[in-house]
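Hydrogens, waters and symmetry mates are skipped; everything else that's a heavy atom, side chains included, is used.
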Amino acid sequence: MTDESRLHYLEQLAELYPTISRASTEIINLQSILYLPKGTEHFLSDIHGEHRAFSHVLRNGSGAVRKKIDDVFGHTLSTADKMSLATLIYYPQKKMELVKKEEEDIENWYKISLYRLIEVCKTVSSKYTRSKVRKMLPEDYAYVIEELITEKQEVLNKEAYYEAIVNTIVELGQTENFIIALAELIQSLVIDHLHILGDVYDRGPSPDKIMERLEKYHSFDIQWGNHDIVWMGAAAGQLACIATVVRNCIRYGNLPLLEEGYGINMLPLATFAMDAYRDDLCERFVIKDATEEERSQKETQMNRKMHKAIAILRFKLEGQLVQKYPEFGMENRCLLHRINYQDKTVEIDGKTYPMLDTCFPTIDPEHPYELTKEETEVMQRLLSSFTHCEKLQRHVRLMLKKGSMYRIYNGNLLYHGCVPMNEDGSFVKMKIFGKEYAGRELYDVLESYVRKAFFSMDKAERERGKDMMYYIWTSPDSPLYGRSKMATFERYFLADKKMHHESKNAYYRLLDKTETAERILKEFGLEGEWVHIINGHVPVERVAGESPVKCNGKLIQIDGGFSKTYRRRTGIAGYTLTYNSYGLTLSAHDPFDFSDRAVKDELDIISHQEAVEYRDKRILVGDTDYGKRMMIRIDELKELIQAYQSGEIAERDEQVRR
């Protein structure tokens with residue numbers, strides 16, 4: 001930095017700290033924060049629309065809330081009382097509604113609960129500065145809560161002081177609102193920052209509710225998953241992405257998400273499908289995870305016809321993209337022109353296979369990838385619905401604001417899928433618009449095109465960005481997919497199960513080698529004893545004895561089956577990870593009943609926890625990325641003070657400061 005630019009920067013800093021006194025006070029404040037314990041980070045992955053499971057794990061902090069209760073009360077409370085208090089913190093409104101029906105002396109229960117919540121709140125707030133806690137306090141009760149959780153040395157009779165406040169809260173009829181405020185504050189303070197390693201969307205019924213919850217969450221980031229990217233592509237107006245999103249929703253019985261959650265009009269598709277496939281039973285197009293008995297025969301037939309109609313549209317639109325961008329090497333996914341419509345066979349990779357279904361009233365064998373006039377109208381109506389849905393656009397903007405392809409945070413590299421590798425451990429090179437990329441550069445260029453799809457002023461680049469999102473969703477070399485193919489066509493139309501198989505990238509076969517993680521970490525600029533990769537996307541099959549901790553502890557996979565679809569394979573209901581001032585702890589959660597019975601019976605997810613890494617020396621804020629930035633600011637402020645003292649910059653009158 002030149003002397004001129006240095007002086008210009010210090011003058012800008014002086015706008016914030018116009019006197020030696022102000023700069024000195026800030027240095028003292030920052031120095032004190034450096035010695036506080038590191039806040040707890042919470043890692044979740046592959047939520048797949050399971051809002052109720054997500055909400056509960058968020059409320060209990062993967063066991064962090066219960067641990068704080070144990071820390072505060074030890075053996076002074078029974079296990080039953082601790083569970084009751086935990087349930088009150090998780091679901092304060094529901095819990096109080098039940099208690100009011102059963103408790104004879106409700107006023108006494110209110111007081112006892114308030115005292116217990118206050119004690120927990122004192123403990124969970126102790127690792128933060130008063131300023132940070134103050135910012136997180138609910139506006140209506142900020143002053144009162146601050147009085148209750150702050151030690152006041154000047155008060156001689158503390159018990160009487162606090163009792164007077166509590167009694168006043170009860171007398172004014174504000175107890176229930178105050179309990180809710182305290183419970184939500186505890187939830188927020190227990191977890192300092194949330195990381196979501198991709199796939200909020202698809203399979204489960206309520207990703208929209210998850211996004212609504214995240215909109216209000218105090219601190220989080222998202223590493224995009226392939227299912228998130230395809231929804232983002234749909235929101236941007238990419239037709240193949242739109243067809244894929246609609247197909248996925250129909251396939252998993254989630255039409256209410258489109259119609260009620262996002263207000264996407266499905267009538268044009270339904271009308272078209274019932275006409276185009278009126279003589280076709282569409283038996284190959286069943287709805288996954290839903291029994292036919294749950295629907296009327298008429299509804300079942302309509303859903304199957306819609307399912308087939310949008311699947312064929314998806315294959316056509318995918319074929320158009322593959323032909324548009326031959327450099328992406330996905331020509332083997334263009335299969336409609338390889339069908340022999342007379343023999344009812346298809347040629348794949350040089351071999352001919354009989355097809356289970358060849359009723360394709362909308363496919364012209366001479367031009368198989370062209371949409372009919374009616375199909376074009378359906379897609380245009382869907383395009384309008386997706387691009388004009390305010391709620392979806394808002395959620396995708398949040399994805400863009402808080403999300404990225406990967407993130408480096410406090411010595412951990414976070415990403416959803418994989419870093420594509422060859423069998424020898426070298427990084428796969430992917431050609432993108434004439435230039436090859438691999439490793440970190442591949443991640444960076446793909447992210448740049450995702451953002452171009454929404455923000456580029458260049459129309460051609462904007463279109464490339466939209467199309468790129470489809471390839472990120474499904475390409476074998478995509479870091480967010482990482483399989484040889486997406487065998488959707490084969491699963492619908494071929495009986496040969498071998499053709500349904502999707503081979504994983506070599507990355508997954510190399511995870512038993514420590515050098516794999518070390519090579520990736522180095523590629524992303526991380527080296528040292530306390531660095532890790534935290535990874536989602538591929539479910540860890542615990543039931544088969546697979547461990548989520550790989551590469552000698554350097555890599556942790558946390559996709560354990562939030563989605564009910566995967567639980568037969570995983571044997572659990574999801575892995576989560578916490579990283580507090582003592583180290584990393586992995587939690588494997590058992591399947592859980594999220595009905596109101598859980599609140600009534602004071603149940604909690606049974607979680608099997610194990611320490612992945614434990615530090616002998618407690619991790620402080622000064623050891624974190626945030627702490628390192630604070631140290632830089634301290635050095636800058638010291639330099640500013642020197643400039644004041646030397647007369648290089650004059651102190652300013654704070655009253656006239658702009």
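One finds the CE atom of Met306 at 14.0 Å from the CZ atom of Phe285 (value rounded to the nearest 0.5 Å). Rounding to the nearest 0.5 Å places CD1 of Ile210 at 7.5 Å from CD1 of Ile196. With rounding to the nearest 0.5 Å, the separation of CG in Leu392 from CZ in Phe386 is 7.0 Å.
Annotation: ring pair (Phe, Tyr, Trp, His ring centres under 6.0 Å) contacts of His193 (sequence neighbours excluded): His195, Tyr409. Applying the ring pair (Phe, Tyr, Trp, His ring centres under 6.0 Å) test to His367 and every residue at least two apart in sequence or in another chain returns nothing.
Annotation for Pro361 and Ala276: closest pair CG-O, 3.3 Å, computed over non-hydrogen atoms. Counting all heavy atoms, side chain and backbone alike, Phe427 lies closest to Ala438 at CB-CB, 3.9 Å. Taking each heavy atom of Leu239 and Met379 in turn, the nearest pair found is O-CE, 3.6 Å. Closest non-hydrogen pair, Ile408 versus Asp625, comes out as O-OD2, 4.0 Å. The shortest non-hydrogen separation linking Phe454 to Val450 is CD1-O, 3.3 Å. Between Ala240 and Leu321, the shortest heavy-atom contact is CB-CD1, 3.9 Å.
In this structure the side chain of Pro205 never reaches within 4.5 angstrom of the side chain of Tyr252, judged on heavy atoms. The shortest side-chain heavy-atom distance between Tyr341 and Val346 does not fall under the 4.5 Å cut-off. Side chains of Gln557 and Ile533 form no contact here, defined as non-hydrogen atoms less than 4.5 Å apart. Residues Leu442 and Pro479 have side chains in contact (heavy-atom distance under 4.5 Å, counting atoms from C-beta outward). Asp364 places none of its side-chain heavy atoms less than 4.5 Å from the side chain of Tyr369. At least one side-chain heavy atom of Gln320 sits less than 4.5 Å from a side-chain heavy atom of Leu371. Within the 4.5 Å cutoff, side-chain heavy atoms of His42 are placed close to those of Ser62. Between Phe54 and Leu214 there is a side-chain heavy-atom pair separated by less than 4.5 Å.
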Query raised in the report: For Asp221 and Lys402, what are the C-alpha separation, side-chain angles and deciding distance, and is it a salt bridge (Lys or Arg N to Asp or Glu O under 4.0 Å)?
Result: CA-CA 5 Å; Asp221 57 63; Lys402 295 290 188 177; over 6 Å; no
**Report entry** Worked verdict on Leu336 versus Lys316 for side chain to side chain contact (heavy atoms under 4.5 Å, CB included)
**Finding:** CA-CA 8 Å; Leu336 299 185; Lys316 286 186 175 186; 3.8 Å; yes
Query raised in the report: Between Val445 and Ser448, does a side chain to side chain contact (heavy atoms under 4.5 Å, CB included) hold up when you go through it step by step?
Result: CA-CA 5 Å; Val445 73; Ser448 75; 4.1 Å; yes
Report task. Go through the steps to decide whether Leu185 and Met136 satisfy the test side chain to side chain contact (heavy atoms under 4.5 Å, CB included), and finish with yes or no. Result -> CA-CA 7 Å; Leu185 178 61; Met136 299 180 74; 4.2 Å; yes
Query raised in the report: Is there a side chain to side chain contact (heavy atoms under 4.5 Å, CB included) between Arg213 and Tyr217 once you walk through the steps?
Result: CA-CA 6 Å; Arg213 180 82 165 85; Tyr217 200 75; 4.0 Å; yes
Requested in this report: Check the pair Tyr575, Phe43 against ring-ring contact (aromatic ring centres under 6.0 Å, His included), reporting the backbone distance first and the verdict last.
Outcome: CA-CA 9 Å; Tyr575 280 112; Phe43 301 80; over 10 Å; no
**Report entry** Worked verdict on Phe493 versus Phe360 for ring-ring contact (aromatic ring centres under 6.0 Å, His included)
**Finding:** CA-CA 12 Å; Phe493 299 120; Phe360 301 126; 5.5 Å; yes
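Salt bridge status for Lys452 with Glu461: present, with a side-chain N to carboxylate O gap under 4.0 Å. Between Arg338 and Glu331 there is a salt bridge, since at least one side-chain N of the basic residue sits less than 4.0 Å from a carboxylate O of the acidic one. A salt bridge does not link Lys305 with Asp280: every distance from a Lys NZ or Arg NE/NH1/NH2 to an Asp or Glu carboxylate oxygen is 4.0 Å or more. Using a 4.0 Å cut-off between a side-chain N of Lys or Arg and a carboxylate O of Asp or Glu, Arg304 and Glu283 do not qualify as a salt bridge. A salt bridge links Arg491 to Glu502: one of the charged nitrogens lies within less than 4.0 Å of a carboxylate oxygen. The pair Glu390-Arg397 fails the salt-bridge criterion, with no side-chain N (NZ, NE, NH1 or NH2) lying under 4.0 Å from an Asp/Glu carboxylate O. Between Arg314 and Glu318, at least one side-chain N (NZ, or NE/NH1/NH2) sits under 4.0 Å from a carboxylate O, which counts as a salt bridge.
Between the side chain of Ser475 and the backbone N or O of Asp477 there is at least one donor-acceptor pair closer than 3.5 Å. Judged by distance alone, with hydrogens and angles left aside, the side-chain atoms of Arg278 form a donor-acceptor pair with the main-chain N or O of Asp275 at under 3.5 Å. In this structure, the side chain of Trp224 engages the main chain of Met399 through a donor-acceptor pair within 3.5 Å. For Tyr481 (side chain) and Lys485 (main-chain N/O), a donor-acceptor pair under 3.5 Å exists by modelled atom type. In this structure, the side chain of Arg284 engages the main chain of Tyr492 through a donor-acceptor pair within 3.5 Å. Distance alone, capped at 3.5 Å, places no donor-acceptor pair between the His227 side chain and the Val200 backbone. Side-chain atoms of Ser55 never come within 3.5 Å of backbone atoms of His51 as a donor-acceptor pair (strictly under, hydrogens ignored). A donor-acceptor contact shorter than 3.5 Å links the side chain of Ser385 to the backbone of Arg381. Under a 3.5 Å cut-off, the side chain of Arg251 and the backbone N or O of His307 do not form any donor-acceptor pair. A donor-acceptor pair is defined here as one N or O able to donate and one able to accept, closer than 3.5 Å; such a pair exists between the side chain of Gln393 and the backbone of Ala235.
Pairs passing the side-chain hydrogen bond (donor to acceptor under 3.5 Å, both in side chains) check and including a residue from residues 351-360, sequence neighbours excluded, read Lys308-Asp357. Sorted by first and then second residue, the salt bridge (charged side-chain N to carboxylate O under 4.0 Å, His left out) pairs with a member in residues 466-476 read Lys324-Asp467, Glu463-Lys466; sequence neighbours excluded.
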With a cut-off of 3.5 Å and sequence neighbours excluded, list every side-chain donor-acceptor pair involving residues 254-265.
from, atom 1, to, atom 2, distance (Å)
Asn254, ND2, Arg203, O, 2.8
Asn254, ND2, Gly204, O, 3.0
Tyr262, OH, Tyr201, OH, 2.8
Tyr262, OH, His395, ND1, 2.8
Asn265, OD1, Leu267, N, 3.0

Output a table of donor-acceptor pairs, distance under 3.5 Å, between side-chain atoms of residues 412-419 and any protein atom two or more places apart or on a different chain; print 'none' if there are none.
from, atom 1, to, atom 2, distance (Å)
Asn412, OD1, His532, ND1, 3.0
Tyr415, OH, Tyr507, OH, 2.9
His416, ND1, Leu197, O, 2.8
His416, NE2, Asp199, OD2, 3.2
His416, NE2, Asn226, OD1, 3.4
His416, NE2, His537, ND1, 2.9

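Heavy atoms from other residues, nucleotides or ligands lying under 6.0 Å from CD of Glu327 number more than 12.
A cation-pi arrangement is present between Arg464 and Phe433 under the rule of less than 6.0 angstrom and at most 45 degrees off the ring axis.
Between the side chains of Thr362 and Glu375, at least one donor N or O lies within less than 3.5 Å of an accepting N or O.
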